[in-house]
Student: 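What follows is a single structure, and I will ask about it in a moment.
Read the numbers this way: they start at 1 and go in the same order the structure lists the ligands and their atoms. In this chain, residues are counted from 1 in sequence order.
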Amino acid sequence: MTKRNLITGSLLLLGQVAFGQTNYAILKPGESHAAIIAKAATITPSAKQLRWQQLELTAFFHFGMNTYTHKEWGTGKEDPQLFNPDKLDADQWVRVAKESGFKQVILTAKHHDGFCLWPTKTTAHSVKSSPWKNGNGDVVAEVAAACKKYDIGFGVYLSPWDMNSPLYGTEAYNDLFITQLTELLTQYGQIDEVWFDGANGEGPNGKKQEYDFSRWYTHIQKLQPQAVIAVMGPDVRWVGTETGYGRETEWSVLPADNLDQGAVSSGSQKDMNIKPTGFLKGQDIGSRDKLKGAKGLVWYPAETDVSIRPGWFYHKKEDSLVKTPEKLLDIYYSSVGRNGVLLLNIPPDKHGLIAESDIKSLTDWTTRRTKTFEKNLAKGATILTKNGKNPKALLDQNYKTSWTTKEKDSTAIIEFTLPEAETFDVLSLQENISIGQRIEKFVFEYWDGKVWKMAAEGTTVGYKRLIRFEPVKAAKVRIRIEQSRLNPTLSEFGLYKQS
Ligand code: FUL
């Protein structure tokens with residue numbers, strides 16, 4: 001081993017995200033397709049992206065003026081007097097989220113209508129002008145305090161589009177936005193996610209705004225360096241639909257043409273601080289084919305946002321249309337189970353409470369999820385691999401340790417002999433993404449006493465892949481990795497029976 005390799009090697013062993021790794025690569029013109037694929041396999045998430053990915057479940061609270069006007073989008077002309085929750089209990093919101101397994105919540109501090117849920121100095125169009133607590137209330141502060149109490153992450157949604165601000169459409173609006181960010185990022189403790197929406201309509205003077213995103217990113221980076229910036233941001237990508245269903249093939253490393261060394265964050269971790277252009281929609285956004293001729297590569301993982309109700313805001317008439325526990329389970333398998341983070345919206349009602357109908361659905365969903373995943377039926381299995389290193393890691397319930405093959409082996413077979421025959425219908429696989437996302441094709445088979453039979457197959461794994469299939473009873477199973485970018489890794493392997 002050369003000295004340089006030795007240093008890189010030991011740095012890689014240091015922790016989940018090693019110093020020296022970056023979440024992007026700017027490619028030289030003329031790099032071969034094979035070289036690009038190999039590079040893509042070594043791009044890793046930044047520390048904040050890795051933390052975010054491991055949350056798996058995050059919740060949205062859409063609450064504000066629209067809750068009182070029965071609208072999804074306001075106009076900015078609403079009278080602040082309309083905002084008057086009589087039982088607002090942010091503790092209940094966060095408790096419901098925590099009990100349902102969510103690890104972080106995001107509050108709509110300001111939606112497109114411009115009404116601010118905190119007493120901002122930038123406008124009178126806020127809780128300060130409302131009858132709630134005689135104008136002395138602060139919803140952001142109450143949610144932030146509850147998150148602290150329940151020890152879960154806290155994020156803010158701040159709509160760039162503002163239909164109320166008279167400054168909207170002028171350069172001064174970008175300054176006002178900076179002041180709003182400063183208030184939110186300095187008065188409420190740690191902020192873990194800042195969520196910028198893509199909608200950009202007209203303001204009160206009929207003008208559209210040119211958002212100064214790069215200035216906003218730098219500002220956030222300075223005030224809350226651990227916060228991921230989502231959707232219209234550099235760290236987290238919108239999955240491309242609001243249905244709750246991610247892609248079956250979901251790559252976190254994507255091609256990007258606009259990466260810029262000058263936009264790399266200045267902190268100890270060198271992350272790309274620019275929103276990569278392109279992709280979002282379409283079934284294939286990161287395959288070998290899509291990487292052909294790429295100018296850059298970036299770790300840009302998918303967030304799957306969906307509402308528990310038809311709308312993002314609470315409307316009484318939708319009480320009977322709350323998603324059922326079965327639907328939520330399907331969404332869970334299709335978001336968290338497809339290398340994404342689920343961002344489920346649970347909108348508080350006019351009283352300022354999460355409605356009973358929503359709690360009922362969430363509780364049942366949570367009970368079933370928890371029961372299904374409480375016992376890994378592969379536990380205690382003997383593991384056989386010909387070309388693999390550290391197979392024990394697959395069942396040690398420690399995400400940081402992983403199995404891998406020798407550098408040149410991009411295929412592998414891992415065989416598990418369970419202590420006794422078990423019935424299962426869910427496969428769970430996790431790649432060690434702090435080394436990169438690599439697996440491109442895998443098959444899961446069971447031994448029926450005579451031959452190997454296929455129970456499931458898939459393409460990408462990423463941070464987590466869950467696949468459901470008809471129940472199978474077997475004592476011997478195997479994973480065949482048929483294609484991978486460089487040598488594959490797996491952190492965890494699990495078999496479960498749905499309840
Ligand atoms: C959209 C917004 O226009 C919706 O109102 C909602 O906030 C959703 C999460 O993002 O683009």
Student: Would you say the ring centers of F196 and F177 fall short of 6.0 Å from each other?
Tutor: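 F196 vs F177: aromatic centres under 6.0 Å.
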Student: Can you classify the ring geometry of W365 versus F102 as parallel (below 30°), tilted (30 to 60°) or perpendicular (above 60°)?
Tutor: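 Tilted: the ring planes of W365 and F102 meet at 30° to 60°.
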Student: Classify the angle between the aromatic ring planes of Y211 and Y173 as parallel (below 30°), tilted (30 to 60°) or perpendicular (above 60°).
Tutor: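 Rings of Y211 and Y173: tilted, as their planes differ by 30° to 60°.
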Student: Between F63 and W93, does the ring centroid distance fall short of 6.0 Å?
Tutor: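 F63 vs W93: aromatic centres under 6.0 Å.
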Student: In the structure I gave you, are the side-chain heavy atoms of R247 and V239 within less than 4.5 Å of one another anywhere?
Tutor: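 They are in contact (side-chain heavy atoms under 4.5 Å apart), so the answer is yes.
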Student: Assign the ring pair F83 / W132 to parallel, tilted or perpendicular, where the plane angle (0 to 90°) is split at 30° and 60°.
Tutor: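 Correct class here is perpendicular.
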Student: Any protein N or O within less than 3.5 Å of an N or O in ligand 1? List each pair with its distance, or say none.
Tutor:
| from | atom 1 | to | atom 2 | distance (Å) |
| --- | --- | --- | --- | --- |
| ligand 1 | 3 (O) | W73 | NE1 | 3.0 |
| ligand 1 | 3 (O) | H112 | NE2 | 2.8 |
| ligand 1 | 5 (O) | W73 | NE1 | 3.2 |
| ligand 1 | 5 (O) | H111 | NE2 | 2.9 |
| ligand 1 | 7 (O) | H62 | NE2 | 2.7 |
| ligand 1 | 7 (O) | H111 | NE2 | 3.0 |
| ligand 1 | 7 (O) | Y157 | OH | 2.9 |
| ligand 1 | 10 (O) | D197 | OD1 | 3.0 |
| ligand 1 | 11 (O) | D197 | OD1 | 2.6 |
| ligand 1 | 11 (O) | D197 | OD2 | 3.3 |

